[in-house]
Amino acid sequence: MPLGTRASSGVEYSAVGEGLGMRDFWLYVWLRRVSVVAAHIISLGLIIIISILSRPGTSLFSWHPVCMSLGFCLCMTEGILLFSAEGNPFCFKSRKWKVRLHWFFQALLLVCGATGFSFMVASKNIKEHSHFTSWHSLLGITTMAATVLQAMCGVFLLFPKLISTYSFPRWRLYHATCGLVAYLLATVTVMSAMFTDWFQASVTGPIWYIFLLLPLFPALVVMNQITSAFLPKKKITS
């Protein structure tokens, strides 16, 4: 149902920002723009930091954090934020091109996830370590499953002939919901990685707490964007 239209129940849903004064509205827009730009910077910064700490090429395991951070910290974040009107680094205004770029990022995410998962399995096999014995590994496999599920929902949206026209908006909601759940799971998984022996051997002291909180900011921005797009913001009773 379009925002600003009246439902059969007699409740009208207003657009985001309605009821704000002009000064408050522009402050709201400015804060959203700053937060989105900060989310881009933090996502890029996380993969740079993790790549430096892991020193890719020194072992099979070293490629696991690099691939996973590239996929879930960067590609997943950029694939969602490119639909934001504030602070979008991509110049595409056409929704068709945004959807194509979204699919490129999500496909790259799946490739990076599968590659990082393979490096981890190979590393554990060589060292004869057990699989899926930590909270981080269990959260990781759950995140991978949720990511594949939301990609399957996206396939139906990419090829709408596979579903009926009536159910198309419902599949958009399913896809957005699965995407949000997958992103939040990925955030928790990244945070759980900072409790592993590998990360705590490299980062200690107060800076560890800063790294622990960094993934939360892009998650809040993404959550705000998705809920703003799919949930009514204000009810005006008649």
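Numbers here are sequence positions counted from 1.
- Here the closest heavy-atom approach between residue V36 and residue S84 is recorded as CG2-OG, 3.8 Å.
- A ring-centre distance under 6.0 Å is not found for W97 and F104.
- With rounding to the nearest 0.5 angstrom, the NZ atom of K124 is 7.5 Å from the OG atom of S130.
- A heavy-atom distance below 4.5 Å is found between the side chains of P218 and Y183.
- A distance-only check finds a donor-acceptor pair linking the side chain of Q225 to the backbone of I80 [under 3.5 Å].
- Considering every non-hydrogen atom in both G179 and M76, the closest pair reads O-CE, 4.3 Å.
- To the nearest 0.5 Å, atoms CG (L173) and OG1 (T177) are separated by 4.0 Å.
- The backbone N or O of S137 lies less than 3.5 Å from a partner atom in the side chain of S134, making a donor-acceptor pair.
- L184 has its side chain out of reach of V188: every pair of non-hydrogen atoms, C-beta onward, lies at least 4.5 Å apart.
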Criterion side chain to side chain contact (heavy atoms under 4.5 Å, CB included) on V155 and W103, from CA distance to verdict: CA-CA 10 Å; V155 169; W103 264 100; 3.7 Å; yes

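- More than 12 heavy-atom neighbours from other residues, nucleotides or ligands sit within 6.0 angstrom of CZ on R100.
- Closest heavy-atom contact between Q150 and A182: CG-CB, 4.4 Å.
- Side-chain contact between L212 and F195: present, with at least one pair of heavy atoms (C-beta onward) separated by less than 4.5 Å.
- The shortest heavy-atom contact between W171 and C153 is CZ3-SG, 3.9 Å.
- Between the S62 side chain and the G57 main chain, a donor and an acceptor come within less than 3.5 Å of each other.
- Using a 4.5 Å heavy-atom cutoff, the side chains of T204 and Q200 are not in contact.
- Under the 4.5 Å side-chain criterion, counting only non-hydrogen atoms from C-beta, L216 is in contact with L213.
- Contact detail for F117 and H64: the closest heavy-atom pair is N-ND1, 4.4 Å.
- Atom CG in L109 sits 12.5 Å away from atom CD in E78 (nearest 0.5 Å).
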Side chain to side chain contact (heavy atoms under 4.5 Å, CB included) between S35 and F217, intermediate numbers included: CA-CA 8 Å; S35 63; F217 189 83; 3.9 Å; yes

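- V181 and I226 are not part of a single hydrophobic cluster, where members link through side-chain heavy atoms under 4.5 Å apart.
- Of the possible polar contacts, one joining the S43 side chain to the A39 backbone as a donor-acceptor pair under 3.5 Å is found.
- Two residues are said to be in side-chain contact when any heavy atoms from C-beta on lie closer than 4.5 Å; W63 and T115 fail this criterion.
- Of the possible donor and acceptor atoms, one in the side chain of N125 sits under 3.5 Å from a partner among the backbone N and O of V121.
- No close placement of the F211 and W208 rings is indicated, their centers lying 6.0 Å or farther apart.
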F119/V66 under side chain to side chain contact (heavy atoms under 4.5 Å, CB included): CA gap, chis, key distance, verdict: CA-CA 10 Å; F119 276 118; V66 173; over 6 Å; no

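- Here the side chains of F105 and L82 are in contact, with some heavy-atom distance below 4.5 Å.
- Taking CG from L60 and NZ from K127, the interatomic distance works out to 8.5 Å, rounded to the nearest 0.5 Å.
- When side chains are defined from C-beta on, F156 does not count as touching K161, because their heavy atoms never get closer than 4.5 Å.
- Taken from CD1 in I50 to CE in M194, the straight-line distance is 5.5 Å, to the nearest 0.5 Å.
- For the atom pair CG of L139 and OG1 of T187, the computed distance is 11.5 Å after rounding to the nearest 0.5 Å.
- Transitive grouping of hydrophobic side chains (ILVMFWY, heavy atoms separated by less than 4.5 Å) brings L214 and L53 into a common cluster.
- A donor-acceptor pair under 3.5 Å links the side-chain atoms of H136 to the main chain of T189, judged by distance alone.
- Under a hydrophobic-cluster definition in which Ile, Leu, Val, Met, Phe, Trp and Tyr are linked whenever side-chain heavy atoms come within less than 4.5 Å, directly or via other members, W198 and L70 are assigned to different clusters.
- Heavy-atom minimum distance, L81 versus V222: CD2-CG2, 4.1 Å.
- Under the 4.5 Å side-chain heavy-atom criterion for grouping Ile, Leu, Val, Met, Phe, Trp and Tyr, W135 is not connected to M191 through any hydrophobic cluster.
- Taking the six-membered ring where the residue is Trp, H175 and H102 present perpendicular rings, their angle passing 60° and hence far from 30°.
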Derivation of the side chain to side chain contact (heavy atoms under 4.5 Å, CB included) call for Y174 and M152: CA-CA 10 Å; Y174 290 161; M152 292 173 61; over 6 Å; no

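- Criterion: ILVMFWY side-chain heavy atoms under 4.5 Å apart, direct or through other members. Under it, V111 and L74 are not part of a common hydrophobic cluster.
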